[in-house]
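Read through the structure below, which is laid out as structure tokens, and then see the notes.
Just so it is clear, the values below take in all heavy atoms, side chains as well, and ignore hydrogens, waters and symmetry mates. Nothing here was measured: the structure is a model prediction, and the numbers come from that model. Chain letters run A, B, ... following the sequence lines, proteins first and then strands; every chain starts at 1.
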Number of protein chains: 2
Amino acid sequence: MLPMKSRYALKALVHLARFGGDAPVPVSAIAQAETIPAKFLEAILLELRNAGILASRRGKGGGYTLLLTPEKIGLGNMIRLLSGPLAPLPCLSKTAYHRCPECVDEGTCAVRLLMAESHAAMLASLDQTTLADLVRRIERAAGWGFKDIASCI
Amino acid sequence: MLPMKSRYALKALVHLARFGGDAPVPVSAIAQAETIPAKFLEAILLELRNAGILASRRGKGGGYTLLLTPEKIGLGNMIRLLSGPLAPLPCLSKTAYHRCPECVDEGTCAVRLLMAESHAAMLASLDQTTLADLVRRIERAAGWGFKDIASCI
DNA sequence: CTTAAACCCTAGCATACAGGTAGACTATCA
DNA sequence: TGATAGTCTACCTGTATGCTAGGGTTTAAG
């Protein structure tokens, strides 16, 4: 399961991309619109700011804005940033590879051979999708009315 | 990350399919060959037996055997059985669907739209692979010598 | 200059799950 | 009858998740 932290972050980024122009959006506004616990979201947005994805302004009239354009925000890396490696096995991780200590022979490991294919597909999907792509997908789904998820891919 | 429970189970099943003929294989033998903690593996094999995938014989000369042929053991369901749903979101689960309580509109949910594609790919891979397929893949990898994981898919 | 809005930062906390371990009991075979 | 091997119950420890509390600090507006 994708942790709530990453889910909330995704929703918040999409919210900023869609509704936040140049004016900063306060945490409370995002929290309310997306039904996310405000204090928790605060911590998440702070992490994104420290990672250089968001900019913040303090004080009255403050809030968060995107620091990068949506085209430059890769969602695979977003999730990695907040919730660690995407791989189902340490020995399949692109960014945090390490051998499984119990594995007798990595080359013929059943688990690795089973998971490799689907993990590659997942990487291909997540690492090539940007925030801009996702927003487009959402607006198509919203415009068309929702019928089938297959039509939104 | 795929839990150790499922990883151990996969290795044990492959071991049984490859090296266990009609004669029962004791837990200790599998545990040693695959470097799995014996008592933990015991519990796992018991679950597989209760699920109707393995048969057991007690006492001296006892052990576990496959109850189903490897062609009939689907690995997606295997993992579901031991570690719960495969889906990254409750609202994408084929076998355990339920709405995310915080989701404003499922049809235009950013997280769902992002994960749907890669999850579908994962299902396509795991739910169509049987134990027999995996064993074939392993023997090809073993026979050819390991060069690149891509050549083993 | 005060007040209210907002981010910043540190702590803590309840629950659940992962990944086991221990030990007694029972069945089977030589 | 002893050794082997599955069955069952119980427990345990560490770590992660998903938050909440509460203070501090900055900023803008009145």
5'-most contact on DNA chain C (nearest-nucleotide basis), A/K60 vs A/L46, goes to A/K60
Side-chain donor/acceptor contact of B/R58 with base of C/dT28 under 3.5 Å:
no
Is there a path of hydrophobic side-chain contacts, each under 4.5 Å between heavy atoms, that joins B/I30 and B/L68?
yes
Electrostatic pair A/E42:A/K39 at N-O distance under 4.0 angstrom:
yes
With respect to A/E34, which candidate in A/H15, A/K11, A/R7 satisfies the side chain to side chain donor-acceptor pair (under 3.5 Å) definition?
A/H15
Comparing A/G59 and A/M4 on DNA chain D - which has the more 5′ nearest nucleotide
A/M4
So which nucleotide from D/dT4, D/dG18, C/dG20 ends up closest to the side chain of B/Y8?
C/dG20
Atom pair distance, as rounded to whole Å: CG in B/L45 and P in D/dG6
8 Å
d(OH, A/Y64; P, D/dT26) in whole Å:
15 Å
B/L41 CG - C/dT21 P separation (whole Å):
12 Å
Quick one, B/L10 with A/L114, criterion side chain to side chain contact (heavy atoms under 4.5 Å, CB included). Give me CA distance, side-chain angles, the key distance, then yes/no.
CA-CA 9 Å; B/L10 276 168; A/L114 176 64; 3.6 Å; yes
Can you tell me how far P of D/dG6 sits from CD of B/E42, to the nearest Å?
7 Å
A/N50 CG - C/dC7 C1' separation (whole Å):
12 Å
Tell me the interatomic distance from B/M1, atom CE, to D/dT15, atom P, rounded to whole angstroms.
16 Å
Tell me the interatomic distance from B/R49, atom CZ, to D/dA5, atom P, rounded to whole angstroms.
18 Å
Please compare A/R57 and A/R7 by the position of their nearest nucleotide in DNA chain D and report the one closer to 5'.
A/R7
If you take atom types as modelled and just measure distance, does the side chain of A/K39 reach the base of D/dG22 with a donor-acceptor pair under 3.5 Å?
yes
Tell me the interatomic distance from A/F40, atom CZ, to C/dG12, atom C1', rounded to whole angstroms.
15 Å
If the threshold is 4.0 Å, N to carboxylate O, is there a salt bridge linking B/R80 and B/D127?
yes
For D/dT7, does OP1 or OP2 lie under 4.0 Å from any side-chain N or O of B/S56?
yes
